[in-house]
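Worksheet: one structure, shown below.
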Amino acid sequence: MTTSITNGVSDLHLEGDKMTTGTEDIVDPWNVVSSSDKGIDYDKLITRFGSSHIDQELKDRFEKVTGKQVHHLLRRGIFFSHRDMHSILNQYEAGKPFYLYTGRGPSSSSMHLGHLIPFILCKWLQDVFSVPIVIQLTDDEKCLWKDIKLEEANKMAYENAKDIIAIGFDINKTFIFADLDYIGQCPEFYRNMIRIQKCVTFNQVKGIFGFGDSDVIGKICFPAVQAAPALSTSFPQIFNDKKIPCLIPCAIDQDPYFRMMRDVAPRLGFQKPALLHSVFFPALQGAKTKMSASDPNSTILLTDTPKQLKSKINKHAFSGGQATVEEHRERGGNCDVDIAYQYLTFFLDDDDKLEKIRKDYSSGAMLTGELKKVLIDIVTPILQSHQERRAKITDEVLKQYMTPKKLNFD
Ligand code: TYM
């Protein structure tokens, strides 16, 4: 049975929020597991979560409205699903404002390559639409879910903020905040949290997030914390008391929070937040799981040296190649499961080069070692320049991004 908390059209499918795509795939904010080497069945996930495909019509509209070619993460279907993106484009076409919201749960001091994906798209969207972005660091969440002290989680939030700043967000249009610091300073944020908490029952959060009787009560209240930044009035220093529509780019694991918020927002007099969902950047061992900071061998960290990167890719990246060179030349490799190829789809922006690699690897003209070398040659300079930009972020710069202030926004 599907339960709705409003009488109108609802995004809150409690049954869907058991978060399995049929029998095998598990997708929730804490687990991503598929039984297929090709990874999650994202079409099924769209049906189950009730979102919409990012189809060619939407991509064409993006290009028409902005006058720019869409980013390769959109072009290639890495961002594959959305909610209400057309309303955001309508808003923009009418010359009306919107803002971006995304976030990170600081569970480790270094982020990994997969974490970059939503932030890369956010930076592109910020540049193309010239809009403000708010970035939430949920140190409170990580303290509640993991064996991490408040102080440690808070410290990691600031380390992660440096990685996020290094992606290149506009200092005059970006506010990054750690929950443990900002919420206590901003009564409007706390008030919105309580308003949201008042709209959602325990039964509903149990249905959406799977909480049980032995979960600590902090977890039960937390969804309101992650939902509150989708209300512009949580940031009076930026938006005053204006109700501005919000667009949230993230991987699809975070959708449950915003499905909940889409039911609540109209009851509080706000537009439902719009979303852009990405697929998961897979673990080195294969697409059955996402890259995750909790397994070092599955993960390329933003702090990895060129030597570590090379060794991780050569040793651990799952290959779609054949067992012997002769067999590979004869039968070719399988790009659908090959991790080096999959990673190139995220990081090689040249469509023609990518297509040539796909053809050469599939026909057997290119060997696994050669494909891995292409990937290493592409990702090494990306990591090195990220590390150089990060090293230049002083405490003063960090403070500027993280102090509540008016942004360059009318
Ligand atoms: P966290 O820290 O797990 O992840 C941060 C962002 O990265 C995405 N992500 C991935 N994307 C692609 N491939 C992967 N392997 C991968 N792993 C993680 C996540 O979807 C997320 O967008 N609770 C959140 C923090 C948060 C947030 C938000 C995220 C607070 N407010 C608003 C998105 C939008 C968390 O722990 O994210």
Side-chain angles (χ1 to χ4, degrees), residues 27-34 39-40 42 45 73 78-81 83 99-122 125 133-146 148 153 156-157 159-161 163-164 167 175-180 182-183 189 193 209 219 222-231 234 246-261 273-295 298-302 339 342-343 345-347:
V27 177
D28 68 31
W30 308 283
N31 308 287
V32 174
V33 185
S34 165
I40 304 295
Y42 288 105
L45 208 57
L73 292 175
I78 289 171
F79 276 83
F80 70 104
S81 154
R83 295 183 188 275
Y99 72 102
L100 299 166
Y101 159 43
T102 196
R104 152 79 180 144
S107 55
S108 55
S109 49
S110 175
M111 288 165 57
H112 60 61
L113 272 189
H115 290 135
L116 284 184
I117 305 309
F119 290 102
I120 289 173
L121 191 78
C122 283
L125 291 166
I133 182 165
V134 295
I135 301 176
Q136 180 180 45
L137 302 169
T138 50
D139 43 6
D140 47 354
E141 174 195 9
K142 292 302 148 181
C143 168
L144 288 166
W145 260 268
K146 303 217 166 210
I148 299 177
M156 289 194 284
E159 288 304 309
N160 288 183
D163 273 318
I164 294 167
I167 293 163
F175 175 48
I176 305 177
F177 62 100
D179 286 343
L180 290 172
Y182 180 60
I183 296 173
F189 193 108
M193 276 169 51
F209 298 95
K219 288 189 184 179
F222 176 75
V225 184
Q226 183 154 331
L231 302 181
S234 298
C246 172
L247 169 63
I248 309 171
C250 57
I252 197 157
D253 59 338
Q254 301 297 313
D255 187 64
Y257 291 107
F258 306 118
R259 279 205 296 275
M260 180 193 89
M261 192 51 198
L275 282 125
L276 288 171
H277 297 125
S278 80
V279 303
F280 300 105
F281 190 77
L284 278 161
Q285 283 77 6
K288 282 185 180 171
T289 56
K290 65 170 183 172
M291 182 169 275
S292 153
S294 48
D295 176 1
S298 81
T299 301
I300 295 168
L301 297 172
L302 298 183
I339 285 298
Q342 293 298 317
Y343 285 7
T345 65
F346 287 81
F347 286 106

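Both counts, for ligands and for their atoms, begin at 1 and track the order of listing.
- Some N or O of Phe281 is nearer than 3.5 Å to an N or O of ligand 1, by distance alone.
- Phe222 and Phe209 have their aromatic ring centers separated by at least 6.0 angstrom.
- Proximity to Lys142 (heavy-atom distance under 4.0 Å) selects the following atoms of ligand 1: 36 (O).
- Residue contacts with ligand 1, taken as heavy atom pairs separated by less than 4.0 Å, involve Arg104 via backbone and side-chain atoms alike.
- Annotation: Phe280 places no N or O atom under 3.5 Å from an N or O atom of ligand 1; distance criterion only.
- Below 4.0 Å from some heavy atom of Thr102 lie the following atoms of ligand 1, by number and element: 28 (C), 32 (C), 33 (C), 34 (C).
- At a cut-off of 3.5 Å, with distance as the only test, no side-chain donor of Asp163 or Asn160 sits close to an acceptor on the other residue.
- In terms of polar-atom proximity, His112 is not counted as a contact of ligand 1, lacking any N or O under 3.5 Å from an N or O of the ligand.
- Listed by number with element, the atoms of ligand 1 under 4.0 angstrom from any heavy atom of Asp253 are 19 (C), 20 (O).
- A heavy-atom distance below 4.5 Å is not found between the side chains of Phe280 and Met291.
- Taking distance alone, with nitrogen or oxygen atoms compared against 3.5 Å, Gln226 approaches ligand 1 more closely than that limit.
- Contacts with ligand 1 closer than 4.0 Å are made by heavy atoms of both the backbone and the side chain of Cys250.
- Contacts of Phe222 with ligand 1, taken as heavy-atom pairs under 4.0 Å, are absent altogether.
- Lys290 and Asp253 are joined by a salt bridge, as a carboxylate oxygen and a charged side-chain nitrogen come within less than 4.0 angstrom of each other.
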Begin from the C-alpha positions of Leu284 and Thr299 and carry the test side-chain contact (heavy atoms from CB on, under 4.5 Å) through to its verdict.
CA-CA 6 Å; Leu284 278 161; Thr299 301; over 6 Å; no

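- Aromatic ring centres of Tyr101 and Tyr99 lie farther apart than the 6.0 Å criterion allows.
- Atoms of ligand 1 found under 4.0 Å from any heavy atom of Gly105, numbered from 1 in the order shown, are 1 (P), 2 (O), 25 (C), 35 (C), 36 (O), 37 (O).
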